[in-house]
Number of protein chains: 2
Amino acid sequence: MSLREPGGRRPTMRDVAARAQVSFKTVSRVVNDEGGVSPPLERRVRKAIDELDFRPNVGARILRRSDRRTASIGLLLEDVANPFSAAVQRAVEDEAEHRGVVVYSASLDEDPARERALAKAFGARNVDGLLLVPAGDDQSHLAAELRAGTAIVCVDREANNLPVDSVVTTNEIGAAEGVRHLAAAGHRRIAFLGDRTTIATARQRYVGYEEALRGLGLSVDPALVVRDVRDAGVADGAVTALLGRPDPPTAFFTAQNLVTVGAVRALRRLGREHAVALVGFDDFLLADLLRPGVTVVAQDPTAIGRIAAGLLFARIDGDTSPPQRRLVPTTLIRRGSGEIAPD
Amino acid sequence: MSLREPGGRRPTMRDVAARAQVSFKTVSRVVNDEGGVSPPLERRVRKAIDELDFRPNVGARILRRSDRRTASIGLLLEDVANPFSAAVQRAVEDEAEHRGVVVYSASLDEDPARERALAKAFGARNVDGLLLVPAGDDQSHLAAELRAGTAIVCVDREANNLPVDSVVTTNEIGAAEGVRHLAAAGHRRIAFLGDRTTIATARQRYVGYEEALRGLGLSVDPALVVRDVRDAGVADGAVTALLGRPDPPTAFFTAQNLVTVGAVRALRRLGREHAVALVGFDDFLLADLLRPGVTVVAQDPTAIGRIAAGLLFARIDGDTSPPQRRLVPTTLIRRGSGEIAPD
DNA sequence: CTGTTAGCGCTTTCAT
DNA sequence: ATGAAAGCGCTAACAG
């Protein structure tokens with residue numbers, strides 16, 4: 001039921017007080033369960049709250065409160081349309097809802113300018129914390145935010161020039177494991193296809209590729225390395241070009257989910273999917289139903305989101321220990337494409 | 001640069017005013033580009049703003065402003081981990097960012113209690129508008145929110161008991177088209193596998209299935225209809241059971257993306273994927289790379305999100321025309337599985 | 001062009 | 001147990 005008069009004005013504590021015939025401080029006591037209100041008065045106040053459908057104005061409350069908490073956090077992802085980001089967001093939402101915290105969310109598309117603009121927009125709204133997938137090589141612009149008391153945790157990549165916690169995948173180790181898996185099947189000419197080198201994880205996965213090859217006594221052939229692959233289409237083209245060489249690779253290590261998809265498309269079109277081996281970094285839906293199934297080094301975005309949110313809330317709750325880096329391990333999932341032997 | 005003293009207190013307009021030796025109203029004028037400030041004063045103020053790294057407190061501004069706008073909206077999805085929801089969110093984000101509006105986001109998991117709780121939480125934060133994928137059969141709890149001036153637009157499903165705009169897929173038409181496509185390949189025994197019947201779109205797609213069969217002069221065999229399929233695993237089991245019948249279906253129409261995935265898994269396991277036809281509702285990544293490719297009735301979540309956000313912003317900007325229902329058409333994409341003829 | 005005053009809706013502090 | 005007054009940081013309305 002609502003007796004609110006038209007005009008779009010929300011009822012305030014004063015309206016409730018007038019209706020219940022009490023002072024508006026008494027309403028505040030009831031709304032905040034402060035106690036010290038006699039049962040009959042409390043009943044009257046609760047009745048008036050119901051009848052007017054009163055809801056406390058969170059903005060006004062925050063303004064006056066001593067702790068200055070807004071019970072809100074900001075989540076800055078790469079792109080929520082990518083399943084990896086979406087899984088992170090879902091995990092963060094669950095942790096936040098659990099604590100009565102609301103989540104602002106935005107996609108940055110790897111654009112440092114958007115990182116600055118959106119962090120600023122969320123900061124101006126006094127979020128208690130910021131969960132950030134860094135979009136550039138310099139997060140020092142957030143130093144003032146940190147000093148103002150906003151907790152910050154970086155997700156999937158570490159921050160640069162900013163002393164904050166981060167939660168990251170074991171990119172080098174995982175990539176190296178994937179490459180060694182291909183070598184174990186007998187491959188010596190293993191190509192690398194990676195995402196933009198502006199992205200730290202792409203660089204780390206490349207390092208893992210190099211290290212694995214060196215550890216195996218194999219040399220890195222620059223002709224088999226294609227970096228800065230920005231989407232599935234480019235990956236498709238790169239695979240096609242590499243397989244057209246006189247001395248083509250017998251296996252591919254693709255360092256990002258969309259790159260892997262592009263590689264699968266190319267192998268299919270060339271009819272080489274059962275002849276050329278493939279291991280991808282980051283799992284994706286239906287990878288098991290393709291033929292051959294796509295062997296991947298799987299990440300755990302749900303764990304990443306959950307751990308990052310946990311760290312953030314700990315900081316918000318006053319944890320002042322030194323910044324830490326939490327590592328989330330990968331899992332090699334064998335499905336067929338990575339177990340193909342060279343000709 | 002930041003000269004802010006430690007303690008986590010953000011500088012206010014008064015701090016800026018003191019540093020620039022002007023009245024704090026002058027600071028307000030500069031911050032809001034109101035004009036009417038002499039260049040030398042403005043310079044001093046801007047310098048102080050920079051030095052203190054001042055940012056206006058959005059909460060305080062909203063409290064005092066006459067228009068009461070918060071430049072924020074709430075987005076209540078089914079589950080952001082589902083690619084359909086994620087695509088809607090991305091489209092909404094883009095429209096919002098474009099207008100300088102921030103977005104709160106949450107997943108409801110089809111739970112009406114969460115719909116109420118989260119709508120309330122966002123309402124208490126005075127969002128200008130709410131974009132909602134309804135989770136139950138009754139949205140009347142939002143009437144007070146609407147009266148208080150919050151714009152509301154429903155996404156993917158219409159609201160019940162609430163006069164608001166909605167943006168929905170042509171579910172009946174699309175489903176009927178998918179079923180007719182199977183019939184055109186010669187099928188007479190077409191099974192239906194649908195999502196939970198509490199979900200309006202699942203009911204509409206079933207109606208489309210029935211209508212198509214009737215229009216073709218075919219009868220609906222209840223033994224071939226399985227509703228309330230809640231995930232891919234259940235879909236897998238249902239397909240397996242139906243194909244084990246003495247008089248099995250020769251084709252399947254699966255009315256949701258995860259249901260389709262489950263059906264593909266079952267057909268694969270049974271080795272029947274090239275013998276039994278399949279058309280799914282809602283497209284998904286890699287559907288084209290499966291063998292056979294999965295024929296789908298594709299929705300357009302990006303268009304849905306964009307149109308819904310557009311309607312919402314129009315309402316926020318004062319549009320008071322009668323509630324409208326916007327339809328977004330589907331597209332049949334032939335990839336092989338839907339073109340298989342019966343034995 | 002610049003400044004003063006009031007007050008948004010609420011919590012805090014202090015009185016009764 | 002209840003209430004009155006002050007004031008969070010800002011904008012609106014009104015001076016000079």
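Just so we're on the same page: letters track the sequence lines, and every chain starts at 1.
Distances shown here put every side-chain N or O of B:Asn57 at or beyond 4.0 Å from the OP1 or OP2 atom of D:dC8. The side chain of A:Thr26 places an N or O atom within less than 4.0 Å of a non-bridging phosphate oxygen (OP1 or OP2) of D:dG3. Contact annotation: B:Ser23 reaches the phosphate of C:dG3 (side-chain N/O to OP1 or OP2, under 4.0 Å).
In this structure, the CG atom of B:Asp15 is 8 Å from the P atom of D:dG9, given to the nearest Å.
Between B:Gly35 and B:Arg14, the residue anchored closer to the 5' end of DNA chain C is B:Gly35, taking for each the nucleotide with the nearest heavy atom. Taking for each of A:Phe24 and A:Ser38 the nucleotide of DNA chain D with the nearest heavy atom, the 5'-most of the two is the partner of A:Ser38. In terms of position on DNA chain D, the residue among B:Glu34 and A:Ala60 whose nearest nucleotide sits closer to the 5' end is A:Ala60. Residue whose closest nucleotide on DNA chain C sits further toward the 5' end, between B:Lys25 and B:Arg64: B:Lys25.
Contacts of B:Leu41 with the nucleic acid, taken as non-hydrogen atoms under 4.0 Å apart, involve only primed sugar atoms and P, OP1 or OP2. Across all strands shown, A:Val37 has heavy atoms under 4.0 Å from sugar-phosphate atoms exclusively, and none from any base.
Across D:dT11, C:dT12, D:dC10, the shortest atom-to-atom separation from the side chain of B:Phe54 is found for D:dC10.
Judged by distance alone, with hydrogens and angles left aside, the side-chain atoms of B:Arg55 form no donor-acceptor pair with the main-chain N or O of A:Ala124 at under 3.5 Å.
The pair B:Arg19-B:Asp15 fails the salt-bridge criterion, with no side-chain N (NZ, NE, NH1 or NH2) lying under 4.0 Å from an Asp/Glu carboxylate O. Salt bridge A:Asp33/A:Arg46: present, at least one basic N to carboxylate O contact under 4.0 Å.
Screening A:Asn57, A:Val31, A:Ile49, A:Val30 for a side chain to side chain contact (heavy atoms under 4.5 Å, CB included) involving A:Met13 leaves a single residue, A:Val31.
For A:Arg29 against D:dT2, a side-chain N or O and a base N or O form a donor-acceptor pair under 3.5 Å.
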